[in-house]
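One structure is given here, and the rest of the page talks about it.
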Amino acid sequence: MTEQPRPPTVVLIGLRGSGKSTVGRLLASELGTGFLDLDTATLVRAGTKDVAALVERTGWEGFRSLEREALASALEAPPGVLALGGGTPTDAGSRTLLAQAADHGHCSLVYLRCQPAGLAARMQATADRPSLTGADPFGEIDALFQARDPLYLEIAQHVLETDGMTAQDVVEALARIG
């Protein structure tokens, strides 16, 4: 009896506000599989409920280390849909884990790419989001996009331009990617 190939985990990357968690839950439901938000998994691993408190306690380096551990566990778990934190790919160790999983066919890296104006509009429509850089949360969007977009483009296997799309539109586009 031959072993069936493992279907890849769909890993969603992008800036905060790009829809990773919303789309991830919808996609997982559509696929009949599990969904994991890496930020939540990291907080559970740390025994806290607040990213800001965790960063204050451990610093960004400590947070990224816990996040990397949560990512390694998630990539070993049964296939599903995984929404990364926006900064996860900025960590070299996390990028290595993602590259290895992609090279082995264990994950499919999808960048939900939304331009800064679209991200700002989405953030205004959702719950209050704290600053990541100490700047105004809306003012930092351009800088984060400029810094992270090349990195996301470098590691993504698929790029989905999501400006003007609803979450359901994105799910349907992801289904077409396969």
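Counting heavy atoms from C-beta outward, V110 and V11 have side chains that stay 4.5 Å or more apart. V81 is listed as a side-chain neighbour of T33, based on a closest heavy-atom distance under 4.5 Å. Contact check for P8 versus H106: no side-chain heavy atoms found under the 4.5 Å cut-off. The shortest side-chain heavy-atom distance between L174 and V170 falls under the 4.5 Å cut-off. You'll find the side chain of L71 stays beyond 4.5 Å of the side chain of D91, heavy atoms only.
Using a distance-only test at 3.5 Å, with no hydrogens or angles considered, a donor-acceptor pair links the side chain of R95 to the main chain of P89. Side-chain N or O atoms of S65 include none that pairs as donor or acceptor with a backbone N or O of E61 at under 3.5 Å. With K20 contributing its side chain and L82 its backbone, the two residues share no donor-acceptor pair below 3.5 Å. A donor-acceptor pair under 3.5 Å is formed between the side chain of T96 and the backbone N or O of A92. Not one N or O on the side chain of Y111 forms a donor-acceptor pair closer than 3.5 Å with the backbone of E154. Within the 3.5 Å criterion, the main-chain N or O of L15 finds a donor-acceptor partner in the side chain of S18. Using a distance-only test at 3.5 Å, with no hydrogens or angles considered, a donor-acceptor pair links the side chain of D163 to the main chain of Q115. Looking only at distances, no side-chain donor or acceptor of T162 sits under 3.5 Å from a matching main-chain atom of M165. When atom types are taken as modelled, the side chain of D103 and the backbone of Q100 share no donor-acceptor pair closer than 3.5 angstrom.
When all heavy atoms of L109 and A102 are compared, the pair lying nearest together is CD1-CB, 4.1 Å. When all heavy atoms are compared, the tightest approach of L43 to V51 is CD2-N, 3.7 Å. When every heavy atom of A46 is checked against every heavy atom of L54, the shortest pair comes out as CB-CD1, 3.6 Å. Among all heavy-atom pairs drawn from D142 and P116, the shortest one is OD1-CB, 2.9 Å. The minimum heavy-atom distance linking T9 with P79 is given by the pair OG1-CA, 3.2 Å.
Salt bridge present: R64 and E67 bring a charged side-chain N and a carboxylate O closer than 4.0 Å.
Expressed to the nearest 0.5 Å, how far CZ of R148 lies from CG of L153 amounts to 14.0 Å. A distance of 9.5 Å separates CD in Q168 from CG in L27, rounded to the nearest 0.5 Å.
In this structure, a donor-acceptor pair under 3.5 Å is absent between the side chains of T48 and R57. A donor-acceptor pair shorter than 3.5 Å cannot be found between the side chains of T42 and D39.
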Taking it one step at a time, do T88 and R68 satisfy side chain to side chain donor-acceptor pair (under 3.5 Å)?
CA-CA 8 Å; T88 305; R68 192 177 325 112; over 6 Å; no

